[in-house]
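Scroll down for the structure; my scribbles are underneath it.
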Amino acid sequence: MGFDIARLRRRADFLAARRGRRLGGPFFFIEALDRHDGAEPRFGLTVTRKVGNAVERNRIRRRLREAIRTSCGADMARGFDYVIVARREVLDLAFERLRSELHRRLSKVRPAQDAAGMAAGEDAPQDGMAPPRGRAGV
């Protein structure tokens, strides 16, 4: 891996990530916010009390941290904050499947310029905003 992945620690950072893109899935969902600074990616984990007792929640957090450390950290785009909100199913999920699910979700997150350029086959607008979707002239 070419760079370090920092952790989100402040509540304000977790709340800010809620304004970003949300990628759902059967085992967890990811909230990803583009900070527009190009710095190293940061991630935070959320495992609510309704997922299980403290032992189970900590085990889920350890499994997610290890999956990110060993392979999925390289899939994180620079300048993004990621909050991974786990569901109980992560507890019994095979580790290889957990890594593949994380990889699949994280690889969908790209800066607005990259995403617009890939979709349209051209350079993105200078303001970083994607062109509006829908019918033209309405």
Decide whether [X] and [Y] are clustered together by the hydrophobic rule: side chain heavy atoms of Ile, Leu, Val, Met, Phe, Trp, Tyr closer than 4.5 Å, transitively.
X     : Y     : answer
Leu23 : Tyr82 : yes
Leu91 : Ile84 : yes
Phe28 : Val51 : yes
Leu64 : Val85 : no
Phe29 : Leu45 : no

Review point. When you check the gap from the basic side-chain N to the acidic O, do Glu66 and Arg63 get nearer than 4.0 Å?
Key: no
Practice item. For residues 13-32, pull every pair meeting side-chain hydrogen bond (donor to acceptor under 3.5 Å, both in side chains), keeping only residues two or more places apart or in separate chains. Key: Arg10-Asp13
Check your understanding: With sequence neighbours left out, which residue pairs that include part of residues 83-96 fulfil the side-chain hydrogen bond (donor to acceptor under 3.5 Å, both in side chains) condition?
Key -> Glu56-Arg88
Minimum heavy-atom separation for [X] to [Y], with atom names?
X      : Y      : result
Leu102 : Cys72  : CB-SG, 3.6 Å
Asp34  : Gly79  : OD1-O, 3.4 Å
Arg110 : Ala77  : NH1-CB, 3.4 Å
Gly25  : Arg105 : CA-NH2, 2.9 Å

**Study point:** Interatomic spacing from CG in Asn58 to CZ in Arg65 - rounded to 0.5 Å
**Key:** 8.0 Å
Check your understanding: So how far is it from Met76 CE to His103 NE2, rounded to the nearest 0.5 Å?
Key -> 12.5 Å
**Study point:** Working for side-chain contact (heavy atoms from CB on, under 4.5 Å), residues Leu98 and Phe27
**Key:** CA-CA 8 Å; Leu98 174 61; Phe27 308 110; 5.7 Å; no
**Study point:** Results of salt bridge (charged side-chain N to carboxylate O under 4.0 Å, His left out) for Asp75 - residues two or more places apart only
**Key:** none
**Study point:** Any donor-acceptor N/O pair, Arg42 side chain to Arg7 backbone, under 3.5 Å
**Key:** no
Exercise for review: Determine whether Val47 and Val90 make a side-chain contact, defined as any pair of heavy atoms from C-beta on separated by less than 4.5 Å.
Suggested key: no
